[in-house]
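Have a look at the structure below before the remarks.
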Amino acid sequence: MLRRILQEVKEYKAASIATPVYMILEVAMEMVIPYLMASIIDEGVNAGNMAHIYKVGSVMIAAALLGLLAGMLGGRYGAKASTGLAKNLREAMFNNIQTYSFANIDKFSTAGLVTRLTTDVTNVQMAYQMTLRMFMRAPASLLCAMAIAFTINARLASVYLAAVLILGVILFFIIRHATKYFMMAFPKYDELNASVQENVSAIRVVKAYVREGEETDKFKKASQNIYNIFVKAECNVIVNAPLMQLTVYSCILLISWIGAKMIVSSELTTGEMMSLLAYCMNILMSLMMLSMVFVMISMSTASVRRIGEVLCEESTIQNPEHPVTEVKDGNVEFRNVSFSYKKDSDEPVLKEINLKVRSGETVGIIGGTGSAKSSLVSLISRLYDAESGEVLVGGVNVKDYDLEVLRNQVAVVLQNNVLFSGTILENLRWGDENATDEECAAACRLACADEFIRKFPEGYNTYIEQGGSNVSGGQKQRLCIARALLKKPKVLILDDSTSAVDTATDARIRRAFREEIPDTTKFIIAQRISSVQDADRIIVMEEGKVHGFGTHEELLENNEIYREVYESQTQGGGDFDEKAGE
């Protein structure tokens, strides 16, 4: 997965290479300065040689300025590379999500995908930047300082080596123990985002039912879970800082004590002592930087895995190698079709479906909740693929069509269709981006939407809020129907798409369909018998099977379920899920 993520560096490879180069140059300049400082003390100050002080001092200033420039350039290119990686990751994830089938989308929650696109990518961005800068700078600084310290005095340098080894072992166990908590923490962000998303999108319902307190408690619980896990993780990591400080000051005291004795015995010069103390700080600060990098990497490990899952996920629905690019007509046929949402499911959702629908026919579909009405029509446009059997449109298996061609010719108005932020015209042109204003108006007249649109002050330029929150449920449904009609499809599927429309408007929409688009095959899922009784034929679904298929009159005579529902609705005003006489 890490290799897949690093592929997204792409055009930022040069910046990714330049960053560690500049970091190493900065380290080189930092390593030179203590060495030059020792020369100034021993050969300049102690010897009273001002010329040497000026000469070496000038070199020190030049080295410091060069190191400063290298550090600035390293920071600039590091930021460019890491933010570029984050940008490419988000684009790659978003683009891959667009290819997902409904089955793929079901696998990831919406909140989970949002977390991966935001929090997880930010973690990877920070880890990548620290890796390019500190992970290159710290080891280089540590090794160079250690090497120079050993050349100055191996005895004192051994103190550094012992400290590094001890801290390295302690750091390994700290990071190892903290990583498991970080792995647990980031999935909890999914729950937090889900709570926020659900609350904000349904805020009107929350207020209508006075559920603010309960929703606040749910959010607090999700937030507290993240807090608890991070506290446990940080309690492990926080031990790192005091250990580092204790080691740094212990080394300084030990080197000062041993070094002072060596100066007295002329085994060490004052300048060498000063440079060794400077290298001591370099070594231990480098180790502290490395510990920060390892902490960040451990935090981002879970994020890398979660991002990789999205990037490596392949759509369960793929275009065939040589796709059919034309839908001949609106004939629809199901041949021994069975379907399950999960492959390992014991009970299929649809069982041995056999149906033939002629082009231009209007077919009503009714059934109780959970009878698989929506699942049936989802197979026509390949929102899902049949587990066994064949679904044919225009005499061709839907798996043989180019997906874009098929879905442009099989328009679906889903049960929970949404409108997007933008004007009414912009929303309508999702159906056909090149549609003229008149074509949009014609589609709206068919869907009985034109009349209420013209009552808006801005008419078709009225701005729709995100999700269509500033229009009623019935208005939203009619706009979604008009949007689908602009595709000029050969098959039109209305999945309970007039449930929020009054019966008179529902009848007008059906009459307009019958008169204006007679050649389009129409599937109308409904709970109201009145919405489907004038259809050419009606499918009665029961527990994933076709319980009846015929005209209104035939079903009244031969189908007990249909007859009971008809009598229930015409005599008592019940719906499909109510039994007659209850």
Side-chain angles (χ1 to χ4, degrees), residues 102 332-342 345-357 361-381 383-384 386-389 391 410 412-417 477 481 491-501 503 506 509-510 513 521-582:
F102 275 26
V332 177
E333 184 177 354
F334 289 78
R335 294 179 182 171
N336 300 316
V337 172
S338 295
F339 167 71
S340 297
Y341 286 103
K342 295 182 179 178
S345 179
D346 295 331
E347 187 73 14
V349 175
L350 292 169
K351 308 160 191 174
E352 296 296 322
I353 303 296
N354 286 281
L355 289 170
K356 281 187 178 182
V357 177
E361 200 171 6
T362 298
V363 177
I365 306 176
I366 64 171
T369 302
S371 61
K373 303 184 297 296
S374 297
S375 301
L376 179 73
V377 296
S378 293
L379 301 181
I380 300 174
S381 59
L383 298 177
Y384 293 96
E387 191 174 282
S388 63
V391 180
V410 182
V412 184
V413 184
L414 295 170
Q415 193 170 7
N416 296 316
N417 244 309
Q477 286 186 337
I481 293 171
V491 179
L492 176 64
I493 299 170
L494 303 182
D495 187 356
D496 206 14
S497 304
T498 57
S499 57
V501 175
T503 53
D506 185 15
I509 292 172
R510 286 183 281 111
F513 285 177
T521 305
K522 298 165 280 291
F523 288 88
I524 302 174
I525 296 177
Q527 292 290 340
R528 295 187 299 226
I529 292 289
S530 60
S531 296
V532 299
Q533 68 180 30
D534 61 348
D536 296 314
R537 286 188 290 174
I538 302 166
I539 301 171
V540 180
M541 298 293 297
E542 178 74 2
E543 296 182 351
K545 296 180 179 179
V546 176
H547 193 273
F549 186 30
T551 64
H552 171 68
E553 291 76 15
E554 289 170 348
L555 291 173
L556 276 180
E557 183 177 346
N558 303 318
N559 191 276
E560 182 182 352
I561 293 178
Y562 187 84
R563 185 169 55 252
E564 286 182 356
V565 174
Y566 175 77
E567 291 172 354
S568 172
Q569 292 189 7
T570 55
Q571 296 175 14
D575 62 24
F576 193 91
D577 291 323
E578 296 178 7
K579 298 295 184 182
E582 290 185 32

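Values below: every heavy atom of this structure, side chains too, minus hydrogens, waters and symmetry copies. Only a predicted model underlies this, so the values are computations on that prediction, with no experimental measurement involved.
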Determine whether [X] and [Y] make a side-chain contact, defined as any pair of heavy atoms from C-beta on separated by less than 4.5 Å.
| X | Y | result |
| --- | --- | --- |
| V540 | F549 | no |
| I538 | I365 | no |
| L492 | V410 | no |
| T551 | D536 | no |
| F334 | L376 | yes |
| T503 | R528 | yes |

Tell me, please, which residues at least two apart from [X] pass side chain to side chain contact (heavy atoms under 4.5 Å, CB included).
| X | value |
| --- | --- |
| S338 | E352, S388 |
| N558 | E554 |
| E333 | R335, K356, L392 |
| S378 | L383, Y384 |

Non-hydrogen atoms of [X] and [Y] that approach each other most closely:
| X | Y | result |
| --- | --- | --- |
| A535 | G364 | CB-N, 3.7 Å |
| V349 | S340 | N-OG, 4.0 Å |
| V357 | V363 | CG1-CG2, 3.5 Å |
| G544 | A372 | CA-CB, 4.0 Å |
| Q569 | I529 | OE1-N, 2.9 Å |
| S374 | D495 | OG-OD2, 2.7 Å |

Could you check whether any side-chain N or O of [X] sits under 3.5 Å from a backbone N or O of [Y], counting only pairs where one atom can act as donor and the other as acceptor?
| X | Y | result |
| --- | --- | --- |
| K351 | E543 | yes |
| R563 | L556 | yes |
| N354 | N336 | yes |

Rounded to the nearest 0.5 Å, what's the gap from [atom1] on [X] to [atom2] on [Y]? Could you check?
| X | Y | atom1 | atom2 | answer |
| --- | --- | --- | --- | --- |
| L555 | Q533 | CG | CD | 11.5 Å |
| R537 | T362 | CZ | OG1 | 11.5 Å |
| I525 | L494 | CD1 | CG | 9.0 Å |

List for me each residue that meets side-chain hydrogen bond (donor to acceptor under 3.5 Å, both in side chains) alongside [X], sequence neighbours excluded, and say none if there are none.
| X | answer |
| --- | --- |
| E553 | none |
| S375 | Y341 |
| D496 | none |
| N559 | H547 |

Among V377, V332, L414, which residue satisfies the side-chain contact (heavy atoms from CB on, under 4.5 Å) criterion with I493?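 Passing option: V377.
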Which residues satisfy the salt bridge (Lys or Arg N to Asp or Glu O under 4.0 Å) test with R510, sequence neighbours excluded?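 Only D506, D534 meet the salt bridge (Lys or Arg N to Asp or Glu O under 4.0 Å) criterion with R510.
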So, using ring pair (Phe, Tyr, Trp, His ring centres under 6.0 Å) as the criterion, who are the partners of H552 when residues are at least two apart?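 Residues passing ring pair (Phe, Tyr, Trp, His ring centres under 6.0 Å) with H552: Y562, Y566.
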